[in-house]
Amino acid sequence: MAEESTTTTSYRSEKYNPHEIEPKWQRAWDERGIYSIDLASDREKYFFLTMYPYPSGDLHAGHWYAEAPADAAARFKRMRGYNVLFPMGYDAFGLPAENAAIKHGIHPAKWTYKNIERMTRQFKQMGAMFDWSKKIVTCDPEYYKWNQWFFVKMFERGLAYRKESYVNWDPVDKTVLANEQVVDGRGERSGALIERRLMPQWHFKITAYSEELLDFEKLDWPERVKLMQTNWIGRSEGAEVTFQSEEGDDIVVFTTRPDTLWGASFMVLAPEHPLVAKLTRSEYREGVETYVKQTSYLSEIDRQAETKEKTGEFIGAFAINPVNQAKIPIWIADYVMMGYGTGAIMAVPAHDERDFAFARRYDLEVIPVIQPAGEAFDGATMSEAYTGDGVMVRSGPFDGTLAGKEGAGEGIQRVIDWLERQGIGKRRITYRLRDWLISRQRYWGTPIPMLYCDHCGVVAEKEENLPVVLPEDVEFLPTGESPLNHHQEFLNTSCPHCGGQAKRETDTMDTFMDSSWYWFRYLSPHKNDGPVEKDLVRRWTPVDTYTGGIEHAILHLLYARFFTKVLRDLDLIDMDEPFLKLRNQGMILGEDNEKMSKRRGNVVNPDDLVASYGADTVRAYLMFIGPWEQGGPWNSKGIEGISRFLNRVWSLVVEPSIESGGVDEEVCKELRYATHLAIKEVSKDLEGFQFNTAIAELMSLTNTMMKIKSQEVTASAEWREAERSLLLMLAPITPHISEELWERSGHRGSIHLEAWPDHDEEALAQDTIQMAVQVNGKVRGQIHVPQDASREAILEIAKNERNITRHLEGMAMVREIVVPGRLVNLVVKPDKS
RNA sequence: GCCGGGAUGGCGGAAUCGGUAGACGCAACAGACUUAAAAUCUGUCGCCCCUAGGGGCGUGCGGGUUCAAGUCCCGCUCCCGGCACCA
């Protein structure tokens, strides 16, 4: 840096130099420990949580966008007097580490910890107030031990179980993939066509909590997130009805439209339905088996992709409709899913679009049984299914009953009651939600602490033997197969019950397990006699505010809610919900308004930005760009504006005023008004995560101060108040420059330990107010009236305004509207007299 | 297909218990400072008409309610997100 020949002998440079002050204050804060939290303090707690990142290796613009504004919001809470816990950690298990191992021959652990170190350093450059003494790293045995402990507890309670399940199998990488890792039917990594395979897999019984998970009563969450979860859980009310095959086998179907039972003209079973093999007649067996085989090859994704054409196969058998003894053909078709309801449906083509399409394709009967007024359906000529309300017809005892899903639900309820009385059906609620498949055929994850003993069967590892440590001396095969399958020492062990030979489970847990309870662990990251510290949990949770990306609206947030309820039922905690308030930030886009990607070359690198502008400018610009929930495109010119703003604040405080203008009482009063208006607005904005408007307000206050700055004014109490307030309000947003200027303007102690300023409503009272005057709804002039002017007085002044008088000429008054503090509207019409 | 969210200057965005549209910033233009440029400061800045005082139009499109509509209602268009044969 070039030496400037300044006249001052001071050690400090008079120009704003973030590269000098930012590292200086980061060190000072660290040394003084101003952000280390006392969890036992009596002050009111506030748990501010942001979603911990995956340690990919570099803090990118998206991380900054997620964390810097969250840091500002957390700092604001702290200045408001709360004892704020704002922790950070790493979601450190997962596929990329394993891929790096296969590709570059570096061990996942080494790769991960190296990344964590680098990212932590980058986080510190941001100037965030994370208390790093609470850091957790999920791939550390002291963390994942408790994943295993929970797993065993859940196994003991029947909440973790093993069953055959269809999975996305990547034949090249020889592993199961999550649905998100399958793109257009191909493996994300290998590009291979994904197959559907039936494999024994561990599951968590999240469906046991379906109903409770639909209750968002206590939560201040975005509507769309609640809605997405509600849709995902997919509750449907209806009935189970038992049909019978001609041979007397019970075939149970689920329907939400029992009022259409009399219109069932065929039945469809899922190809995997257990009765298919038994019911199929020999002359149809070949066709049916071919069809079943075909569908089994299709992954669920392929099966869903073919939404247009419905296919199926008649199995040669018939079922008896219990409501009218009608004999209807039984088909199999892949549009019926084994995983939902009972895997069997009664098909009512007249009143269901899918059944209708199927019926027309295979020329099956269509029997209308719901008839809206003024129409007469004919099954043979109907061109589409009728799904609306109407009167039941051809429905035996129910003819004439109003039925349907929309308004008149009466028919449905009455039919269900009747079915129950007849003993052929019962009321039933089904959910779309499936149990959580937690097995992953991977290395870099928490080992599932289960064993397979020749004598005792499936047994859980003993608590004192936990953690089941992931062996480090493994060899990664280019096939992508988990090295645990070949690690003899890990694989072969003894049964904790009988002591005999046993094999370990080699699957590891889905990483969503780690993130389902991590926030509890921040309270006692190194506790070794239990997963959580009960006293601290009672005192500090639930989390008051949780922030993160909308992409976790369903999975992570639903799993975390489920886990909280499980922990409650295990008597570990006493709350129902983990996160009281949720806010989602949007996505920061490239300058071309597209998602940032290396391929597009529109990536902005925060390290470079910090190098040219300093962290404070980057923080503030990310907050200024637009509404936080909305995200938006980066603008390399836009950040210049913030840079200018901070330079203006700097010179406002540091540079002496050369002008002299005399103290004007009016000017001081206006300054006080501007200060208190800013305090009021900025407080409101930060409370509501409106960082962009908060900064706009601070800019306005700065502009006002710049305009009136003079030797005399800067000596006034109003100026000192304005300057002090400005710095205090900037502190959460731009912590370094605020601290530096706080010190330079003669304050002692850290600004970050100061209280947030309060506004004085009296300072906002004005003697005269400006009002717009409209004539017939168009603004024609402005008037100034005393604060307490009466309606009559206001009208008097309005009518005498020059331009208004002109517009009133030759007009007759129809109506006079006065909106206090806002405007006057004079409604007139041409005077005919 | 179904369910959400959105559309405001050249650009990012303000303003929604209906009450002066365009705060704040970017870009642009003009001026001051400078030999010059950069930086900085001052001013202009929705479109159109007008010599001025002013006036017309304007928040995706078409209607409506109202003294008053970016905001409420009805009908569309386009964009973004979620779910996708869930019986």
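Within the 4.0 Å cut-off from OP1 or OP2 of B:rA27, at least one side-chain nitrogen or oxygen of A:Arg644 is found. Of the side-chain N and O atoms in A:Arg815, one or more sit less than 4.0 angstrom from OP1 or OP2 of B:rC67. In this model, the phosphate group of B:rG54 is not approached by any side-chain N or O of A:Arg802 to a distance below 4.0 Å at OP1 or OP2.
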For A:Tyr291 and A:Thr311, what are the C-alpha separation, side-chain angles and deciding distance, and is it a side-chain hydrogen bond (donor to acceptor under 3.5 Å, both in side chains)?
CA-CA 9 Å; A:Tyr291 186 80; A:Thr311 60; 2.9 Å; yes
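Comparing B:rC3, B:rC67, B:rG19 by their nearest atom to the side chain of A:Asn231 picks out B:rC3.
For the pair A:Arg432 and A:Trp232, the distance from NZ or CZ to the six-membered ring centre is under 6.0 Å and the angle to the ring normal is within 45 degrees.
Using Watson-Crick or G-U wobble geometry with both donor-acceptor distances under 3.5 Å, B:rU16 finds no partner in any strand shown. In a base pair of the Watson-Crick type (N1 to N3 plus N6-O4 or O6-N4) or a G-U wobble (N1-O2 and O6-N3), with each distance short of 3.5 Å, B:rA28 is matched with B:rU44. Across all strands shown, B:rA69 forms no Watson-Crick or G-U wobble pair with both key distances under 3.5 Å. In this structure, B:rG1 and B:rC83 make a Watson-Crick or G-U wobble pair, each of the two defining distances being under 3.5 angstrom. If you check B:rA39 for Watson-Crick or wobble pairing at under 3.5 angstrom, you find it has no partner at all. Across all strands shown, the partner of B:rU77 is B:rA7, judged by Watson-Crick or G-U wobble contacts whose two distances both fall under 3.5 Å.
By the 30° and 60° cut-offs, the orientation of the rings of A:Tyr335 relative to A:Phe358 is tilted. The aromatic rings of A:Trp628 and A:Tyr65 lie tilted to each other, with the angle between the two planes from 30° to 60°.
The two residues A:Glu816 and A:Arg791 have their closest heavy-atom pair at O-NH2, 3.0 Å.
One atom, CD of A:Glu655, and another, C1' of B:rU40, lie 10 Å apart when rounded to the nearest Å. The CG-P distance, from A:Asn776 to B:rU66, rounds to 15 Å in whole Å. Rounded to an integer number of Å, the gap from A:Glu801 CD to B:rU20 P is 17 Å. Rounded to an integer number of Å, the gap from A:Asn692 CG to B:rC26 C1' is 15 Å. Rounded to an integer number of Å, the gap from A:Ile625 CD1 to B:rG12 P is 12 Å. As rounded to whole Å, 14 Å separates atom P of B:rG13 from atom CG of A:Leu622. To the nearest angstrom, C1' of B:rA87 lies 17 Å from CZ of A:Phe356.
Residue-level contact check: A:Asn803 touches the backbone only, with heavy atoms under 4.0 Å from sugar-phosphate atoms and none from bases.
With a 6.0 Å radius and a threshold of 12 heavy atoms from other residues, nucleotides or ligands, A:Arg822 has its CZ atom at or below the threshold.
The base of B:rU20 lies outside donor-acceptor range of the side chain of A:Gln774, with no N or O pair under 3.5 Å.
For B:rG53 and B:rA39, the P atoms lie 34 Å apart once the distance is rounded to whole Å.
The glycosidic torsion of B:rG53 lies within 90° of 0, which places this base in the syn conformation. Taking the O4'-C1'-N9-C4 or O4'-C1'-N1-C2 dihedral as appropriate, B:rG9 has a value within 90° of 0 and is therefore syn.
Mapped onto RNA chain B by nearest heavy atom, A:Thr342 and A:Asn703 fall at different nucleotides, with A:Asn703 at the one closer to the 5' end. Residues A:Lys707 and A:Gln770 both approach RNA chain B. Their nearest nucleotides, taken by heavy-atom distance, put A:Gln770 toward the 5′ side.
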